[in-house]
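Computed from a prediction, not measured in an experiment: that's the story for all the values here.
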Amino acid sequence: PMTEAELLKLIQGGENIQVEFKRSTTEITRDVYDTVCSFSNRNGGTIILGVEDSGVILGVDPNAADRLKKDFVTSVNNGQKINLYLRPEISTVNGRTLLVIQVPSGSQVCRHHGRIFDRSHESDIDSPTTPIWCTNCMFGKAEATLSTR
């Protein structure tokens, strides 16, 4: 787990290609799972729940933290959704509870509800935008997919 000082430094550095903040104070929003796939399909990264995009630390509801952690683990281990094994950590920064999710770079293409996401700067991109698209060719996870659009 990261120390409070390490987390604070990460938050102060802002969002980037490997750091994403999510408000998610009482519920895990769907876009958290999109970011999990994006990080897995790139170089990995850290998702911090309870932080605004601007870096303002709101914290997750301390009474909901354990449930959020359990809900997240249940969802990412579901083969119908994502099928990754990740263990979020509950941390405290400036007296506020945060949920920190470390996502490693995956060895296979990661999908969320059948869609492939990629990471670009500080956003997640729904990747299949052309008839044939190759994801992460440079990372050895090449896969051609036909777009449904």
Trainee: Using side-chain heavy atoms (C-beta onward) and a distance below 4.5 Å, is Lys69 in contact with Ile90?
Mentor: yes

Trainee: Do you know which two heavy atoms are closest between Asn63 and Asp61, and how far apart they sit?
Mentor: N-OD1, 2.8 Å

Trainee: Side-chain contact, heavy-atom cut-off 4.5 Å: Glu4 with Asn94?
Mentor: yes

Trainee: Roughly how far, to the nearest 0.5 Å, is OG of Ser75 from CG of Leu84?
Mentor: 12.0 Å

Trainee: side-chain contact (heavy atoms from CB on, under 4.5 Å) for Tyr85 and Val76? Distances and angles first, verdict last.
Mentor: CA-CA 7 Å; Tyr85 183 76; Val76 296; over 6 Å; no

Trainee: Measure the OH-CD1 distance between Tyr33 and Ile28 for me, rounded to the nearest 0.5 Å.
Mentor: 4.0 Å

Trainee: Nearest 0.5 angstrom please: Ile57 CD1 to Thr97 OG1, how far?
Mentor: 11.5 Å

Trainee: Rounded to the nearest 0.5 Å, what separates atom CG in Asp53 from atom CD in Glu20?
Mentor: 6.5 Å

Trainee: Would you say Ile11 and Val51 make side-chain contact, with heavy atoms under 4.5 Å?
Mentor: yes

Trainee: Keeping the roles fixed (side chain from Thr3, backbone from Glu6), state whether a donor-acceptor pair exists under 3.5 Å.
Mentor: yes

Trainee: Report yes if some heavy atom in the side chain of Val60 is under 4.5 Å from a heavy atom in the side chain of Leu98; otherwise report no.
Mentor: no

Trainee: Find out if a path of hydrophobic residues (ILVMFWY) with successive side-chain heavy-atom gaps under 4.5 Å connects Phe21 to Leu8.
Mentor: yes

Trainee: Side chains of Leu86 and Val73, heavy atoms from C-beta outward: is any pair under 4.5 Å?
Mentor: no

Trainee: Donor-acceptor pair, Ser40 side chain versus Val36 backbone, under 3.5 Å?
Mentor: no

Trainee: Roughly how far apart are Glu15 CD and Ser54 OG, rounded to 0.5 Å?
Mentor: 9.0 Å

Trainee: Do the non-hydrogen side-chain atoms of Leu68 and Phe72 ever get within less than 4.5 Å of each other?
Mentor: no

Trainee: Kindly say whether Val19 contributes a backbone atom to a donor-acceptor pair with the side chain of Asn16 at under 3.5 angstrom?
Mentor: yes

Trainee: With heavy-atom distances below 4.5 Å as the criterion, would you say the side chains of Thr74 and Lys70 are in contact?
Mentor: yes

Trainee: Taking all heavy atoms of Gly59 and all of Thr25, pick out the closest pair and write down the distance.
Mentor: O-CG2, 3.3 Å

Trainee: Indicate yes or no: does Asp71 engage Arg67 in a salt bridge with an N to O separation below 4.0 Å.
Mentor: yes

Trainee: With Arg96, which residues qualify under salt bridge (Lys or Arg N to Asp or Glu O under 4.0 Å), at least two apart?
Mentor: none

Trainee: Considering residues at least two apart in sequence or located in another chain, which fulfil the salt bridge (Lys or Arg N to Asp or Glu O under 4.0 Å) criterion with Glu52?
Mentor: Arg23

Trainee: How far does CE of Met2 sit from CD1 of Ile48, to the nearest 0.5 angstrom?
Mentor: 6.5 Å

Trainee: I'd like to know if the side chain of Ser105 and the backbone of Arg42 have a donor-acceptor N/O pair within less than 3.5 Å.
Mentor: yes

Trainee: I'd like to check Val100 versus Pro1 (side-chain heavy atoms, cut-off strictly below 4.5 Å). Are they in contact?
Mentor: no

Trainee: Are the side chain of Gln18 and the backbone of Thr46 linked by a donor-acceptor contact shorter than 3.5 Å?
Mentor: no

Trainee: When you check the gap from the basic side-chain N to the acidic O, do Glu89 and Arg87 get nearer than 4.0 Å?
Mentor: no

